[in-house]
There are 2 protein chains.
Amino acid sequence: MVGQITETGDQPERPPSRRERARAATIEEIKQTAMGLMREQGTTDFRFSDIARLMGMTAPALYRYFADRDELLTALIVDAYDDLGQAVAEARDQVPVDDPGARFAAVAQSYRRWARDEPQRFALILGLPVPGYHAPEEGPTTEAARRAMAQLKALFYEAAQAGVLRRPMLPDDDGTVARLLAEHHEPKELPIDGPPVPPETFQAMLHCWASMHGFASLEAYGHLDWLPGELRDAVFESSIRLVAKVAGLPEPSSRPAG
Amino acid sequence: MVGQITETGDQPERPPSRRERARAATIEEIKQTAMGLMREQGTTDFRFSDIARLMGMTAPALYRYFADRDELLTALIVDAYDDLGQAVAEARDQVPVDDPGARFAAVAQSYRRWARDEPQRFALILGLPVPGYHAPEEGPTTEAARRAMAQLKALFYEAAQAGVLRRPMLPDDDGTVARLLAEHHEPKELPIDGPPVPPETFQAMLHCWASMHGFASLEAYGHLDWLPGELRDAVFESSIRLVAKVAGLPEPSSRPAG
DNA sequence: TTATGACCGTTACTAGTCATAACAAACACG
DNA sequence: CGTGTTTGTTATGACTAGTAACGGTCATAA
């Protein structure tokens, strides 16, 4: 009754039957309805009965598609990670590769926009776990998270490869981060996939992420509502350009679209 | 039945009677038990029945003290804001006034520590509203939030007053933030209480807040668990020193305790 | 000391939730 | 056409928030 959902079946390329297509469509509709409810109510919560009612069904029917609330939540979380990762990657790849400063600005803008447009899904993946939900250990959610975060790292790696990445600005008396990073890197403790970047760049990357995440989450959850919109925009863009500069990314050569 | 809770009574200084003390103690115990449950379960959720059971009572008894779940949540939110504000202020004031760089580092460290130690309460005040909760408009929560955030501003104001605040580093072609800030400041649109700071400093302050909040929330919600603890510490401290420097605060003259 | 009334806790109850069980209709396919 | 799977239904159980009505306790005043 549960295995039917995680059907990463081994059948190679059998065209989906009529029933399978209908089933997939229903699953999609359930997820969309759940997200609609979250948006409407402004929380990460939803009731099976509400989903069913909106879909013209009764609540128990949903259990044919998701074993329980957690399984639906897991699906929504994976989708959200993938969606955010895709949005970020698309924005990034609309800017020429040889302009990593502008590419980072695009990434930050899309990250922020996504958070602001979908605060509930943002909270779902990057906030506190929702009440009663227990993520499957080392399951699909963590993988999806890694995929999404790889987008940011790819940007820095490209820039480093292209040789346009200056040494990031660091507070004066440092070196401990580099040392610790080296220590922990050799036993392959860190689950950092892909090619390595210099330690200062790793640190700069985290700094960039934290900065844009901080602004994005504060804004998404309404804690910057007291700032007029255009002022928020200006402050965010300025902050982003600042962290990019400090991280050693070159000045963007073209103005980002928005 | 409800007015008895919001007893910001006008009676000046009447010593609390035995009953009033017992009532206050019970209210405190309810809040503590609720927080304990949140900590235990790792969410911002709790059940009245669980609170009552842990207190050796039945659930309906709790309604003598809080009209409903929202009212208890509101109390917890106000307490959390006050607690965070106090923690930050205390850490800040343990550092000499003439060392604003170190004062900021202390603020950031305590902000981070509080978030990490109490992720549920952190999410309660700075995350997405919990399911089903509707904050009273312009109520005590927003006031408590303003009080807490004033602590950070005070630090920058002191530094500006003392004349040790350099002009913050900004991305090159700016000025729009300053212009917009001026535009919106004259009609007193912005609810920024206290004395004004220069526009660049305002922006730098937001940048500092966003950066430390981003790191703190990512860490508090477990999204940096893949980083070894000491490396997290080092990265955070380095980032903080960096944003402080960029914000125009002088280098700290003394090493912060932790 | 006793009577009064506010306060605090109880049990009983309603309405709504997640989830399961048992059953009925629709569908795919031999 | 008959058979078994799939997908829906209704009925049910256990649990929660919150209300209502009742009883005990305590402080105060006669």
Side-chain angles (χ1 to χ4, degrees), chain A residues 1-7 9 11 14-30 33-34 37-38 41 43-76 130-134, chain B residues 1-7 9 11 14-30 33-34 37-38 41 43-76 130-134:
Chain A
M1 288 298 166
V2 178
Q4 58 186 345
I5 281 93
T6 51
E7 42 172 277
Q11 280 79 349
R14 189 165 44 82
S17 74
R18 173 173 182 77
R19 264 199 175 149
E20 284 167 333
R21 273 184 290 127
R23 182 177 182 82
T26 306
I27 287 179
E28 192 56 34
E29 188 183 350
I30 293 174
T33 310
L37 279 169
M38 295 189 340
Q41 304 171 188
T43 71
T44 54
D45 207 12
F46 50 79
R47 282 177 284 276
F48 267 40
S49 46
D50 287 346
I51 298 176
R53 183 176 41 75
L54 288 176
M55 290 179 64
M57 310 200 315
T58 56
L62 299 180
Y63 290 87
R64 297 285 177 196
Y65 300 91
F66 295 95
D68 53 11
R69 246 172 112 266
D70 273 20
E71 201 166 280
L72 175 50
L73 269 173
T74 300
L76 291 175
V130 329
Y133 174 71
H134 285 274
Chain B
M1 288 296 169
V2 179
Q4 58 186 344
I5 282 95
T6 51
E7 42 172 280
Q11 281 79 349
R14 189 164 44 81
S17 75
R18 175 173 181 77
R19 268 203 172 143
E20 283 168 332
R21 273 185 289 129
R23 181 177 182 82
T26 305
I27 287 179
E28 192 55 35
E29 189 183 350
I30 293 174
T33 310
L37 280 168
M38 295 190 338
Q41 304 170 190
T43 69
T44 54
D45 208 11
F46 50 79
R47 281 180 285 276
F48 266 40
S49 46
D50 287 345
I51 299 176
R53 183 177 40 76
L54 288 176
M55 291 179 63
M57 309 199 316
T58 55
L62 299 180
Y63 291 87
R64 298 282 176 199
Y65 301 90
F66 295 95
D68 53 12
R69 242 172 116 266
D70 275 19
E71 201 165 281
L72 174 51
L73 270 172
T74 300
L76 291 176
V130 329
Y133 175 71
H134 284 273

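When reading the values below, keep in mind they use all heavy atoms of this one structure, side chains included, and skip hydrogens, waters and symmetry mates. These figures come from a predicted structure and were not determined experimentally. Below, chains carry the letters A, B, ... as their sequence lines are ordered, and counting in each starts from 1.
Considering only heavy atoms from C-beta on, B/Glu71 comes within 4.5 Å of B/Asp68 through its side chain. In this structure the side chain of B/Thr26 reaches within 4.5 angstrom of the side chain of B/Met55, judged on heavy atoms. In this structure the side chain of B/Arg53 never reaches within 4.5 angstrom of the side chain of B/Thr33, judged on heavy atoms.
In this structure, the CZ atom of A/Arg69 is 7 Å from the P atom of C/dA19, given to the nearest Å. Computed from coordinates, the B/Phe48 CZ to C/dT17 P distance equals 19 Å when rounded to whole Å. If you take OH of A/Tyr63 and P of D/dT10, they are 16 Å apart, rounded to a whole angstrom. For B/Arg47 and C/dG16, the CZ to C1' distance is 16 Å, given to the nearest whole Å. Here C/dA19 presents its C1' atom at 9 Å from CG of A/Asp68, a figure rounded to the nearest Å. Atoms CG (B/Leu37) and C1' (D/dT16) sit 14 Å apart, rounded to a whole Å. D/dT9 atom P lies 14 Å from atom CZ of A/Arg53, rounded to whole Å. Atom P of nucleotide D/dT6 and atom CE of A/Met57 are separated by 17 Å, given to the nearest angstrom.
If you check C/dA21, D/dT19, C/dT17 against the side chain of A/Pro60, the one that comes closest is C/dA21.
Summarising the base pairing, D/dG18 is matched to C/dC13 through a Watson-Crick or G-U wobble pair whose two defining distances lie under 3.5 Å.
Between A/Tyr65 and D/dT6 there is no side-chain N or O to OP1 or OP2 distance below 4.0 Å. A close approach under 4.0 Å does occur between a side-chain nitrogen or oxygen of A/Thr58 and OP1 or OP2 of D/dT9. Between D/dC15 and B/Ser49, no contact under 4.0 Å exists linking OP1 or OP2 to a side-chain N or O. Note on B/Arg64: every side-chain N or O is 4.0 Å or more away from OP1 and OP2 of C/dC8.
The aromatic ring centroids of B/Phe48 and B/Phe66 lie 6.0 Å or more from each other.
Interatomic distance, B/Ile30 CD1 to B/Met57 CE, rounded to the nearest 0.5 Å: 5.5 Å.
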